[in-house]
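To start, the structure under review is shown below, and the notes come after it.
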Amino acid sequence: MSHCLSERSIDHVVLERGEVANTWRNERWDSLRLLTPNWQSRLPGFGYSGDDPDGYRTVPEVIDFIANYAKAIAAPVQTRTIVSSVRRSDTGYLVHTDQGAWRCRTIVLASGACNKSSVPAFADRVPPSIATVTAQQYRNPGQLADGGVLVVGASASGTQIACEVHRSGRPVTLSVGEHIRAPRVYRGKDLQWWMDATGLLNERYDQVEDIARARRVPSLQLAGTADRSTLDLNALTGIGVKLVGRIAGITEDGRAQFAGSLRNMCALSDLKMGRLLNLIDEWAKENGFDDAVESPHRPPPTLVEKSPPLDMDLKSGELKTIIWATGYRPDYSWLDVPVLDRKGMIRHDGGVVASPGMYLMGIQFLRRRKSSLIDGAGDDARDLSAHLASYLDTLRAA
Ligand SMILES: Cc1cc2nc3c(=O)[nH]c(=O)nc-3n(C[C@H](O)[C@H](O)[C@H](O)COP(=O)(O)OP(=O)(O)OC[C@H]3O[C@@H](n4cnc5c(N)ncnc54)[C@H](O)[C@@H]3O)c2cc1C
């Protein structure tokens, strides 16, 4: 957004509570690599120029990439500045920070979609003998006690953490709710390449049937590894991870209860993956790619044991840690403008917030399916900066 505002000669400042790329410095686990290939992290005027376009960036590489971009575009970032409140004023907005106040006619909320961990309300029933960690707090297996680990959530964060923790010698049980299975490589090409080429990632918020639902869809079960392997539930059970259903509650006497829907969840996920692969095959055929890539194939169905356990005694001593990989949510506790819905999410139309001169960035399916990816920021910023510029023109004319 800063780049797009500069291109339009719109005077602006970027307020950041930490350093540039703060979330990548402080809120990711050590071994994480982007699940999007290197070629796919495209920011306006700044793409990948290395010799490994199909590789996946490590966290230090992502930090360098974003910090280098901020330098290259001379973004006017004021770091170590915590925004503590944003209010409407006569001329626009009044922004209070721990480094003084700012007045502005327009404001772009780009404070991230993943500030807090979403943890179920019954988490406070976990017996005190068990340590709990969120995916945001998890760094590496070394921070966990020896012994069993229950990872709750089987999307990108949960599956990656479950794999790493299990390989460290701590037996992992994975609690599986709704998830989206996806092969890392399909017909010889990265899944993200297909998602990009078919136009799926560019699908717009006003073209999908149920945008509220599309904004809640969990992340694809993908991981960025050197061998480009698929990290689905079959890969995890293959190394010994046990699967249980979605965690439904914890009883007062310390038993975790799991839904009996594991088979259905997995069957549904297999079905959705099949639909995605069908769509890719159709696109390949229609666009003359069939002979250029490998033949279509389907991964085997997800294997689920006949009667997965429906509960687990959290006090037996076997389980030492629970890792909540149950999703993330934004934090707008500093926003004193009445634009939140009853779930605490900002009401907006493709990033144009229901308050004059206020814009939103970086939220799932904000304007396009790719909006919450690094690769999605550019197109959204172009669109929203155009809207912002015309809003300023209107103000000037008035
Ligand atoms: C575990 C994980 C893995 C991911 N993997 C990928 C991936 O492989 N590929 C990909 O493209 N995307 C990935 N993403 C999504 C990724 O986070 C986004 O693409 C990108 O970081 C979004 O950038 P952003 O600037 O919108 O938000 P953020 O990176 O969250 O940045 C928001 C910034 O706002 C600052 N801030 C927040 N509140 C305040 C305040 N009150 N005052 C001042 N500053 C404030 C924060 O410090 C932060 O620096 C991943 C996300 C997570 C959580």
Side-chain angles (χ1 to χ4, degrees), residues 1-3 13-43 48 55-59 61-63 65-67 69-70 75 77-86 95-99 102 107-118 134-139 153 155-161 184 190-192 195-196 201 218-225 325-336 351 359-364 366 368-378 380-381 384:
M1 178 56 91
S2 177
H3 175 78
V13 64
V14 182
L15 303 180
E16 166 56 55
R17 64 181 164 192
E19 298 298 324
V20 170
N22 197 44
T23 52
W24 294 98
R25 290 177 199 273
N26 296 308
E27 295 174 15
R28 306 284 188 262
W29 59 93
D30 299 344
S31 65
L32 178 70
R33 283 174 179 265
L34 287 191
L35 53 78
T36 41
N38 291 332
W39 59 263
Q40 200 182 10
S41 294
R42 296 166 287 203
L43 290 170
Y48 180 74
Y56 309 95
R57 282 191 174 90
T58 61
V59 169
E61 286 167 348
V62 180
I63 296 170
F65 172 68
I66 297 175
Y69 184 61
V77 186
Q78 183 171 310
T79 55
R80 307 217 157 271
T81 305
I82 303 172
V83 174
S84 51
S85 96
V86 171
V95 179
H96 280 288
T97 80
D98 59 345
Q99 306 292 326
W102 291 81
I107 183 162
V108 181
L109 310 175
S111 50
C114 304
N115 309 114
K116 285 180 162 182
S117 300
S118 290
T134 63
Q136 209 176 24
Q137 295 161 337
Y138 172 79
R139 291 294 167 272
S155 292
S157 297
T159 48
Q160 290 180 37
I161 292 171
R184 176 74 268 183
D190 196 288
L191 190 82
Q192 291 289 345
M195 301 268 297
D196 189 56
L201 286 174
S219 57
L220 291 177
Q221 248 176 14
L222 282 180
T225 53
T326 32
Y328 308 84
R329 52 180 293 114
D331 174 17
Y332 300 121
S333 53
W334 42 271
L335 188 59
D336 300 317
Y359 298 88
L360 180 64
M361 287 276 297
I363 295 293
Q364 194 168 6
L366 182 92
R368 297 169 176 84
R369 195 181 294 280
K370 65 182 178 184
S371 285
S372 58
L373 297 178
I374 294 171
D375 198 46
D380 288 358
L384 292 173

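For this chain, numbers begin at 1 and follow the sequence in order. Ligands are counted one by one from 1 in listed order, and the atoms in each one are counted from 1 as well.
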Evaluate the side-chain proximity of [Y] to [X]: yes if any heavy-atom separation is below 4.5 Å, no if none is.
| X | Y | value |
| --- | --- | --- |
| R17 | N22 | yes |
| L35 | R184 | yes |
| V108 | L384 | no |

Looking at [X], which atoms of ligand 1 are within less than 4.0 Å of one of its heavy atoms?
| X | value |
| --- | --- |
| G362 | 26 (O) |
| T36 | 7 (C), 8 (O), 9 (N), 10 (C), 11 (O) |
| W24 | 4 (C), 5 (N), 6 (C), 16 (C), 17 (O), 21 (O), 50 (C) |
| L34 | 6 (C), 7 (C), 8 (O), 9 (N) |

So which protein heavy atom does [atom] come closest to, and at what separation?
| atom | result |
| --- | --- |
| atom 40 (C) of ligand 1 | V83 N, 3.8 Å |
| atom 11 (O) of ligand 1 | I374 N, 2.8 Å |
| atom 22 (C) of ligand 1 | S372 O, 4.6 Å |

(message) Please check: side-chain N/O of R28 versus main-chain N/O of R33, any donor-acceptor pairing under 3.5 Å?
(response) no
(request) Spell out, as yes or no, whether a donor-acceptor pair under 3.5 Å connects the side chain of T81 to the backbone of T79. (result) yes
(message) Quick check for you: to the nearest 0.5 Å, what is the distance between Q99 atom CD and I82 atom CD1?
(response) 8.5 Å
(message) To the nearest 0.5 Å, what is the distance between CD on E27 and NZ on K116?
(response) 12.0 Å
Pairing donors with acceptors under 3.5 angstrom, does anything connect the side chains of [X] and [Y]?
| X | Y | value |
| --- | --- | --- |
| Y359 | D380 | no |
| T36 | Q192 | no |
| T134 | Y328 | no |

Closest to [atom] (judged by heavy-atom distance), picking from [options]:
| atom | options | answer |
| --- | --- | --- |
| atom 43 (C) of ligand 1 | Q364, Q136, Q40, R17 | R17 |
| atom 53 (C) of ligand 1 | E27, M1, R28 | R28 |
| atom 27 (O) of ligand 1 | C114, S111, G112 | G112 |

Is ligand 1 under 4.0 Å from a heavy atom in the side chain of [X], in the backbone, in both, or in neither?
| X | result |
| --- | --- |
| A110 | backbone |
| T97 | neither |
| A377 | neither |

Taking distance alone, with no angle check, do [X] and ligand 1 share an N/O pair under 3.5 Å?
| X | answer |
| --- | --- |
| L35 | yes |
| L32 | no |
| Y328 | no |
| R33 | no |
| M361 | no |
| T23 | yes |
| E16 | yes |

(message) I'd like to know if atom 16 (C) of ligand 1 has any protein heavy atom within a distance of less than 4.0 Å.
(response) yes
(message) Yes or no, since that's all I need: does a protein heavy atom fall within a distance strictly under 4.0 Å of atom 49 (O) of ligand 1?
(response) yes
(request) Look at R369 together with D196 and state whether they make a salt bridge at an N to O cut-off of under 4.0 Å. (result) no
(message) Looking at R80 and E16, is there a salt bridge between them, counting it only when a charged N and a carboxylate O are closer than 4.0 Å?
(response) no
(message) With the threshold set at under 4.0 angstrom, would you say I363 reaches ligand 1 through any of its heavy atoms?
(response) no
(request) Take atom CH2 of W39 as the centre, draw a 6.0 Å sphere, and report whether it contains more than 12 heavy atoms from other residues, nucleotides or ligands. (result) yes
(request) Is it possible for you to check whether R42 lies under 6.0 Å from the centre of the six-membered ring of Y48, through NZ or CZ, and within 45° of that ring's axis? (result) no
